[in-house]
Amino acid sequence: MENNFKSGLSALNDKQRQAVMSENRHLLVLAGAGSGKTKTLLQKLIYLIEEKGVSPAEILAITFTKNATNEMIDRLILTADSDGTYQKLMGDKRISKAEKERHRFYHQKKYKWIDGLTLKTFHSFCYSILRNYGVNEFDNKFKIIGDEKRDDDDEIQKNVAPETAFEVFHKLLIELCNDKDYLLRLKRYILDYIIDKIHLKKTDTFSATKNGKFFTSLNGTKLRSKSEQFIADWLYRHSIKFEYEPLLNVKDFSFRPDFFIPDANIYIEHVSDKSFAMRDKEEQFELGNLLLVKTFDSMTKDSALFNHSLDKIIKNRLPSDYHKNRSVSFREEFQGYHEDVKDFVLQVMRITDMIKVENISFEDVLEKARLDQHERVRHFYELALPVVKRYVNYCINKSYLDFNDLITRSASLFLNYPDIANKYKTKFRFILVDEFQDVNNLQVQLIKLLLSQDTQLFCVGDDWQSIYGFRGSNVNYIIEFEKHFPQAQTIKLNLNYRSTQNIVGASNEVIKHNKYKIEKDVRASKMSEHKIVVYAGNSDDENIQFCVDKVRDLLNDGLTGDDILFLYRRSKMFAPYYYRFRNEGIKVQAKTIHAAKGLESKVVFIIGLTDGYGGFPDIWLEDRIFQLIKMANHDLLLEEERRLFYVAITRAKEKLFLMTEKGCESSFLREIPDSFTVRSGKPLKAVVDEVILCRKCYSQLEKLWVVCPYCGQKVEDEEA
């Protein structure tokens, strides 16, 4: 390995070599896009073993995905693969992924210095901690519970819980609904805020009917006001049958009283400031000797008083043997509403995840919710937190851990059991962290608990590529690295080996508009043969046709499908492209920008670069429900969108096409100077046809006329 190592170190540029050879306890390698950050991290690892005599067992290298781990292992194996066998195996497209995994495992075991390293994802590392030493903290025979398939260690995949997180949340919600009061409060919430959306303007609600009935009662009746809904729900809760707005004709005219209670033979008119005059109706009730009771909006301001009033008005007029209670069940109450219940469960799961990542207590969340100015938010948390608490207790009882729990339980183990913490602090004298811009609160807490006075921390990342804020990552940890890890050194890798000058220059100009960042002067090592093409079609169809033609040209020029990558902000943007490409027999790599992070391609098309809803930037402040746990900031969200655009641009090695539409260009495109781009698109036809006038008599001429028929002036002379 010695020759490979020495040639590897000599191949580094000055900044990379400085980072590899640094002895600083806390080092941040701030690596611009395409600047060789993974190469630098791996060379650091090899340098420690080969040059500094560090035992592989003393090195912990942490990644974020299993794919990143595999890539590092592959590159390490290649340094020792003298005859090129491994490279041929990994490059053979005929070999299945599973078979390649077996070859990787075999070769990793073959080279003891690689096998001796601890190279894992955060979750895989914590999994091994709790399996081996976490018995005092948690059952070490735990199972992993989750809903999404994680790209992680085989051992984790073999120990998955027999039920998903959604199934558990849903089951616990149904159990809570055995309490009639909880069930009906949940139904009221779902009807009001998920179905009727009464917190939005009435013009925005899709469930509103043309006759102004915007509110739904617990038995599904559509009503005109929140007060009438209160009355209908009270009757439903007390198992009292009612008719809403029944047609009544006593003598002189027909009309519709608000409620009729058949078993009490009583009519209720609810009077509000929007009600019509009651005098004529009251006369009709008197003529028919019908019992009419009026309720008023002012009574609804005190729910206890209103309940008492309804009880007094109605119950005394019911038969003495009237059944006051009725059984309710989850299945019956939510018949036809199961998709809406699913939405509620998913929201509860989301806040559970956020609470864990932000590391805040249920009590603090509940207190904030109780003080919120909006009834909808207060009601949500009153219903959601009991489910969350039950879920946490259920998982403990069943020995389940989710992916956040793996980290929090490991951190708790280190805090509560210093002997275990010291074991790991002593074992790992060198900790290397890849993609540091993506860390969240829990991960940073874990890293800090692993550090001692003798530990060297080597972090690699790029704040300009921090794009996972929606998952809980916190860009603050890399921007203010020295605040979190005192006396730290920062080395900037600013030479881009991937992209051409125009692409690097354009990406630099875009990111300059972000205020919350570390300044870097990123330069390109490759000259530009092509400018960036900004194509503004008159429609989506026109853009698709341009892409079809351009891809065919590229393929005819000798490129393969793997050399061309289509990127988009949201998956639905690519749907019309996908169907057209399929019909045309074109086979084009296509990914969301988030999924493409870390990839590169000779040619990149970024589609959907339009302004407004469904375009890019796509800023979504989310529901206030989530803001209660973590407040979002519009400007910071815009900066993350810009970082996402930066990531997309810097995937391109040689050619870049930016697809937009005329009159709706993304604001990001205006941030790229014209010196880096060539703008293209079909011109619009003139609204007014060209008018030809005779120079002599100013009469209007037709295009093919040779002379003016009015004065004899030659048209050729006119053109000359």
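Heavy-atom basis, side chains included; hydrogens, waters and symmetry copies ignored.
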[X] with [Y]: basic N within carboxylate O range, under 4.0 Å:
{"X": "E641", "Y": "R569", "answer": "yes"}
{"X": "K517", "Y": "E519", "answer": "yes"}
{"X": "D434", "Y": "K37", "answer": "yes"}
{"X": "E509", "Y": "K512", "answer": "yes"}

May I ask you to test the [X]-[Y] pair for a side-chain heavy-atom distance under 4.5 Å?
{"X": "K448", "Y": "F485", "result": "yes"}
{"X": "I606", "Y": "F645", "result": "yes"}
{"X": "R104", "Y": "I73", "result": "yes"}
{"X": "I503", "Y": "K526", "result": "no"}
{"X": "I46", "Y": "L76", "result": "yes"}
{"X": "V444", "Y": "N440", "result": "no"}
{"X": "Q456", "Y": "L27", "result": "no"}
{"X": "Q43", "Y": "L12", "result": "yes"}

Going by atom types only, do [X] and [Y] share a side-chain donor-acceptor pair under 3.5 Å?
{"X": "T63", "Y": "T69", "value": "yes"}
{"X": "Y646", "Y": "N514", "value": "no"}
{"X": "D83", "Y": "T85", "value": "yes"}
{"X": "Y468", "Y": "N474", "value": "no"}

What distance do [X] atom [atom1] and [Y] atom [atom2] have between them, rounded to the nearest 0.5 Å?
{"X": "H26", "Y": "F481", "atom1": "NE2", "atom2": "CZ", "result": "7.0 Å"}
{"X": "F430", "Y": "L60", "atom1": "CZ", "atom2": "CG", "result": "12.5 Å"}
{"X": "I396", "Y": "L401", "atom1": "CD1", "atom2": "CG", "result": "9.0 Å"}
{"X": "I355", "Y": "N359", "atom1": "CD1", "atom2": "CG", "result": "11.0 Å"}
{"X": "H530", "Y": "N502", "atom1": "NE2", "atom2": "CG", "result": "10.0 Å"}

Residues two or more places apart in sequence or in another chain: which of them pass side-chain contact (heavy atoms from CB on, under 4.5 Å) with [X]?
{"X": "D402", "result": "I145, K356, Y391, N404, D405"}
{"X": "T592", "result": "Y568, S571, H594, A595"}
{"X": "T677", "result": "I532, V534, I672, D674, R679"}
{"X": "Y133", "result": "I420, K423, Y424"}

Assess the residue pair D115 and K109 against the criterion (salt bridge (charged side-chain N to carboxylate O under 4.0 Å, His left out)); give the C-alpha distance rounded to whole Å, side-chain angles, the decisive distance to 0.1 Å, and a yes or no.
CA-CA 5 Å; D115 195 40; K109 294 294 181 185; 3.3 Å; yes

Quick one: does [X]'s side chain have a donor or acceptor within less than 3.5 Å of a partner on [Y]'s backbone?
{"X": "K143", "Y": "A161", "answer": "no"}
{"X": "K591", "Y": "A596", "answer": "no"}
{"X": "S525", "Y": "N496", "answer": "yes"}
{"X": "W464", "Y": "I518", "answer": "yes"}
{"X": "S22", "Y": "A19", "answer": "no"}
{"X": "R651", "Y": "L599", "answer": "yes"}
{"X": "N422", "Y": "D419", "answer": "no"}
{"X": "Q589", "Y": "D562", "answer": "yes"}

The complete set of salt bridge (charged side-chain N to carboxylate O under 4.0 Å, His left out) pairs with one or both residues in residues 593-606, sequence neighbours excluded, reads E435-K597, D438-K597, R498-E600, E600-K653

For F626, is the NZ or CZ atom of R350 found under 6.0 angstrom from the centre of its six-membered ring and inside 45 degrees of the ring axis? yes

On the ring face of Y47, is R17 found with NZ or CZ under 6.0 Å from the centre and within 45° of the axis?
no

Suppose we screen for salt bridge (charged side-chain N to carboxylate O under 4.0 Å, His left out). Which residues come up paired with [X], at least two apart in sequence or across chains?
{"X": "R523", "answer": "none"}
{"X": "E71", "answer": "R75"}
{"X": "K520", "answer": "D462, D463"}
{"X": "D139", "answer": "none"}

For residues 89-110, the ring pair (Phe, Tyr, Trp, His ring centres under 6.0 Å) pairs (sequence neighbours left out) are Y86-H107

Test ring pair (Phe, Tyr, Trp, His ring centres under 6.0 Å) applied to F668 and F616, step by step
CA-CA 8 Å; F668 287 160; F616 187 22; 5.6 Å; yes

Quiz item: side-chain hydrogen bond (donor to acceptor under 3.5 Å, both in side chains) between E654 and T500: does it pass, once the steps are laid out?
Solution: CA-CA 6 Å; E654 298 172 7; T500 61; over 6 Å; no

Exercise. For V365 and V388, run side chain to side chain contact (heavy atoms under 4.5 Å, CB included): C-alpha distance rounded to whole Å, both residues' side-chain angles, the deciding distance at 0.1 Å, then the answer.
Key: CA-CA 12 Å; V365 174; V388 177; over 6 Å; no

Note to self: Are there over 12 heavy-atom neighbours, none belonging to E23, within less than 6.0 Å of that residue's CD?
What the structure shows: yes

What do you reckon, is CD of Q87 surrounded by more than 12 foreign heavy atoms closer than 6.0 Å? no

N416 and S412: side-chain hydrogen bond (donor to acceptor under 3.5 Å, both in side chains), yes or no, with the steps?
CA-CA 6 Å; N416 295 329; S412 179; 3.1 Å; yes

Run the numbers on N140 and L130 for side chain to side chain contact (heavy atoms under 4.5 Å, CB included), then give the verdict. CA-CA 6 Å; N140 62 329; L130 295 173; over 6 Å; no

Verdict with reasoning, F458 to F436, per ring pair (Phe, Tyr, Trp, His ring centres under 6.0 Å)
CA-CA 10 Å; F458 182 93; F436 191 77; over 10 Å; no

Sequence neighbours excluded, the answer for ring pair (Phe, Tyr, Trp, His ring centres under 6.0 Å) partners of F138 is none

For R94, the side chain to side chain donor-acceptor pair (under 3.5 Å) test, sequence neighbours excluded, returns D92

